[in-house]
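This one's a predicted model, so the numbers in the text were calculated from it and none came from an experiment.
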Amino acid sequence: GSLQNSWRPKNLFHYNQDRYINPDFIVDISEYWEVKLQSIKAYGSQFYDPSEKEVVTYISNEDFLPFIDSRNREMGHAIGVRYGEGFISEKKLNVKNLFDII
């Protein structure tokens, strides 16, 4: 195989999953909501299925997927769009030019 140059990200962000954490910023994911939902559902055996009689887990509870929908709607509502994804940053972002973010 070929060698690759090492790479380090400038920032590391954690997304707000199901436990509420006040996000540092929110990204509009309205255009990608269905893709996100289908990606989650690709792991079907992990989530609620009324035909299965398996032990109910935190994510296999029938309320989990509707809750994820609600959380992303809540984040979207905060920025005036349909769906949003909240992110947390452990360090403050360095903005060199205010016009880059407005």
Suppose the criterion is salt bridge (Lys or Arg N to Asp or Glu O under 4.0 Å): which pairs have a residue in residues 74-90, not counting sequence neighbours? Lys36-Glu85, Arg71-Glu74

Search all heavy atoms of Gly86 against all heavy atoms of Pro23 and return the closest pair with its distance. CA-CB, 3.8 Å

Do Arg73 and Tyr83 have side-chain heavy atoms sitting under 4.5 Å apart? yes

Provide the closest heavy-atom pair for Asp24 versus Ser89 in the form atom of the first, atom of the second, distance. OD2-N, 2.6 Å

Output all residues satisfying side chain to side chain donor-acceptor pair (under 3.5 Å) with Ser70, sequence neighbours left out; order by chain, then residue number. none

Is Gln38 close to Val35 at the side-chain level, that is, under 4.5 Å between some pair of heavy atoms? no

Are the side chain of Asp28 and the backbone N or O of Gly84 linked by a donor-acceptor pair below 3.5 Å? no

Can Ile68 be reached from Tyr15 by stepping across I, L, V, M, F, W or Y side chains whose heavy atoms are under 4.5 Å apart? yes

Can you hop from Ile26 to Ile29 via hydrophobic side chains spaced under 4.5 Å? no

Residues which pass ring pair (Phe, Tyr, Trp, His ring centres under 6.0 Å) with Phe25, listed by chain and number, not counting sequence neighbours: Phe13, Phe87

Determine whether more than 12 heavy atoms belonging to other residues, nucleotides or ligands lie under 6.0 Å from atom NE2 of His77. no

Nearest non-hydrogen partners of Leu65 and Ile40, listed with the distance: CD2-CG2, 3.6 Å

Val27 reachable from Met75 in the ILVMFWY side-chain graph, under 4.5 Å edges: no

Flag yes if more than 12 heavy atoms outside Phe67 fall under 6.0 Å of its CZ atom; otherwise flag no. yes

